[in-house]
Colleague: 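Okay, handing you the structure first.
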Amino acid sequence: MLRVTTASLCSYCPRIRLLLSPSVSASTVTSQSKRLENQHTVNALYELSVDIQKVRKLKAWVLSESSAYVPETADLLRDMGADTTAIARILETHPEAVLCRPEDVAAQRDLWVSVCPNKRELMSIIEKFPASFFTLTHHSNQQANILYLQSLRLSKRIIGKLMASAPQSFCRPVERNQEVIHTLRETYLDLGGDEGNLRVWLQKLLSQNPYILLRPAEAWRDSLGFLREQGFTTEELLNLVSSLRASISELQPEAMRQALLYIEGVLACSQDELKQIVIRCPAILYYSLPILVGRFQGLMDVGVSMEQVKESPNVLELTTQIVLYRIQKLASYGYDVRAGSLDVIVGTKKDFEMSYGKLHLRQQRPLFNPVAPLRSAEE
């Protein structure tokens with residue numbers, strides 16, 4: 001408990017320094033830098049090929065703690081399948097791990113084993129998210145939340161991903177996650193979803209947005225209530241929820257109202273046309289008003305018409321820089337976007353490359369004579 005408290009206090013040191021006068025702050029930093037290091041800790045880390053200078057630079061306070069369990073932590077990681085390089089990398093990234101009691105780490109290992117199919121996958125998670133694995137507080141809450149999610153028949157892979165990406169959701173009481181899941185279930189069924197597909201739908205949402213459990217249940221109700229008021233059908237709402245990857249719970253009704261009013265005004269569209277634009281480009285609901293204004297202005301600056309945007313609203317998903325780059329690349333091949341459809345520039349980088357590749361805008365050299373000059377259009 002003492003070590004946890006010490007670590008917590010150290011994490012707030014930068015904030016404390018900001019509140020101090022310059023002279024006091026400087027003396028504090030100097031006194032901390034002169035704290036004697038625990039030579040046993042330093043030597044043990046050195047023997048494991050840990051970059052001590054990196055630890056000193058990022059989290060020097062760890063080296064000054066009186067108690068540390070470097071060999072024990074390394075042995076536990078080794079038992080889970082970590083090699084020497086992996087152990088060094090983990091302890092460089094998250095040196096606080098050596099301050100955890102071995103029995104606590106062992107209990108945490110057993111907890112994670114229950115949601116990881118094998119040791120290899122567990123080690124992969126620890127290497128990528130060491131802080132999540134070595135979060136040893138609220139062990140009982142973690143266990144209760146795992147049991148609850150397992151009772152929903154969610155896959156081990158999904159639960160493991162949630163623990164790694166959003167460990168905070170497992171540290172809080174299980175009742176709070178139960179409330180969110182209950183709201184998600186009600187939402188899905190109210191929107192016409194099939195009870196038989198609920199588990200698959202939940203897994204998809206949770207895998208797309210691991211932080212969904214951290215959003216209050218009221219956020220879902222407020223966002224969906226607003227969209228219902230805009231006239232979206234239950235089927236359309238279900239598609240929007242799925243398309244936005246559960247981010248709909250992060251949206252504020254007032255922000256969505258401003259975005260919709262702006263789109264309706266700038267495109268001079270009817271309510272039905274506005275709904276279709278949102279269905280085709282749900283991200284409109286997610287972008288702030290300044291972002292939408294900037295992207296519209298960027299399109300207007302290059303000569304794109306409002307009618308083109310209305311026909312291909314997904315162009316608003318692209319930043320102005322990406323739009324300009326793609327338009328210029330097509331122009332170098334002789335294609336004028338202003339005279340055609342914007343569909344050719346929307347989508348991912350791979351989608352765009354496939355689109356302009358199909359246009360065959362550039363005359364190709366004959367395969368049988370690759371050094372032959374290109375013929376002009378008049379020949």
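Predicted model only: the values in this text are computed from it and were never measured. When reading the values below, keep in mind they use all heavy atoms of this one structure, side chains included, and skip hydrogens, waters and symmetry mates.
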Colleague: Give the C-alpha distance, both sets of side-chain angles, the deciding distance and a yes or no for side chain to side chain donor-acceptor pair (under 3.5 Å) between Gln297 and Asp301.
Modeller: CA-CA 6 Å; Gln297 188 60 51; Asp301 290 345; 2.9 Å; yes
Colleague: So, the side chain of Arg89 versus the backbone of Thr84: is there a donor-acceptor pair under 3.5 Å, distance only?
Modeller: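 No, because the side chain of Arg89 does not come within donor-acceptor range (under 3.5 Å) of the backbone of Thr84.
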Colleague: So, for Gly303 and Arg338, which heavy atoms are closest and what is the spacing to 0.1 Å?
Modeller: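 So the minimum-distance heavy-atom pair works out to O-CG, 3.4 Å.
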Colleague: For Met123 versus Ile90, what's the shortest heavy-atom pair and its separation?
Modeller: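 Minimum heavy-atom contact is CE-CD1, 3.8 Å.
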Colleague: Do Ser165 side-chain atoms and Leu162 backbone N/O form a donor-acceptor pair below 3.5 Å?
Modeller: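 Such a contact is absent between Ser165 side chain and Leu162 backbone.
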Colleague: Applying the side-chain contact (heavy atoms from CB on, under 4.5 Å) test to Arg295, which of Val315, Val323, Leu318, Thr319 qualifies?
Modeller: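 Filter result, single survivor: Thr319.
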Colleague: Please report the C-alpha distance between Asp351 and Thr348 in whole Å, then the side-chain angles of each, then the deciding distance to 0.1 Å, and finally whether the side chain to side chain donor-acceptor pair (under 3.5 Å) criterion is met.
Modeller: CA-CA 5 Å; Asp351 294 333; Thr348 64; 3.0 Å; yes
Colleague: In Å and rounded to the nearest 0.5 Å, what is the OG1 to CG distance from Thr183 to Asp190?
Modeller: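 Spacing of OG1 (Thr183) from CG (Asp190) equals 10.5 Å.
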Colleague: Starting at CG of Asn314, measure out to OG of Ser312 and round the result to the nearest 0.5 Å.
Modeller: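 OG of Ser312 is found 7.5 Å from CG of Asn314.
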Colleague: Verify side chain to side chain contact (heavy atoms under 4.5 Å, CB included) between Leu63 and Leu45, making sure each step is shown before the conclusion.
Modeller: CA-CA 10 Å; Leu63 301 177; Leu45 290 173; 3.6 Å; yes
Colleague: For the pair Gln203 and Ser155, evaluate side chain to side chain contact (heavy atoms under 4.5 Å, CB included) and give the outcome as yes or no after the intermediate values.
Modeller: CA-CA 8 Å; Gln203 290 197 151; Ser155 70; 3.5 Å; yes
Colleague: Could you go through the side chain to side chain contact (heavy atoms under 4.5 Å, CB included) check for Phe170 and Thr135 one step at a time?
Modeller: CA-CA 10 Å; Phe170 285 78; Thr135 299; over 6 Å; no
Colleague: Just do the side chain to side chain contact (heavy atoms under 4.5 Å, CB included) check on Gln142 and Gln108 with the steps written out, would you?
Modeller: CA-CA 9 Å; Gln142 288 179 318; Gln108 188 77 339; 3.2 Å; yes
Colleague: Identify which one of Asn239, Thr233, Leu240, Leu238 satisfies the side-chain contact (heavy atoms from CB on, under 4.5 Å) criterion when paired with Leu191.
Modeller: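 Going through the options one by one, the only one that passes is Leu238.
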Colleague: Which of parallel (below 30°), tilted (30 to 60°) and perpendicular (above 60°) describes Phe296 and Tyr262?
Modeller: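 Perpendicular.
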Colleague: May I ask you to test the Arg221-Glu218 pair for a side-chain heavy-atom distance under 4.5 Å?
Modeller: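 Contact flag for Arg221/Glu218 side chains = yes.
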Colleague: Using 0.5 Å steps for rounding, measure from the CG atom of Leu76 to the SG atom of Cys100.
Modeller: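 The SG atom of Cys100 is 10.5 Å from CG of Leu76, to the nearest 0.5 Å.
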Colleague: If you measure from CD1 on Ile263 to CD on Gln258, what distance do you get to the nearest 0.5 Å?
Modeller: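 Output value for this atom pair is 12.5 Å.
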Colleague: Could you tell me the separation between the CD1 atom of Ile158 and the OG atom of Ser207, rounded to the nearest 0.5 Å?
Modeller: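 Going from CD1 on Ile158 over to OG on Ser207, the span is 4.5 Å.
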Colleague: Considering all heavy atoms of both residues, which atom of Val180 and which atom of Ala217 are nearest to each other, and what is their separation?
Modeller: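 Minimum heavy-atom contact is CG2-N, 4.4 Å.
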Colleague: When you measure from the centre of the six-membered ring of Phe226, is the NZ or CZ of Arg257 under 6.0 Å away and within 45° of the axis?
Modeller: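 No cation-pi geometry.
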Colleague: When you look at Gln271 and Gln230, which way does the side chain to side chain donor-acceptor pair (under 3.5 Å) test go after all the steps?
Modeller: CA-CA 9 Å; Gln271 283 290 326; Gln230 308 310 307; 5.9 Å; no
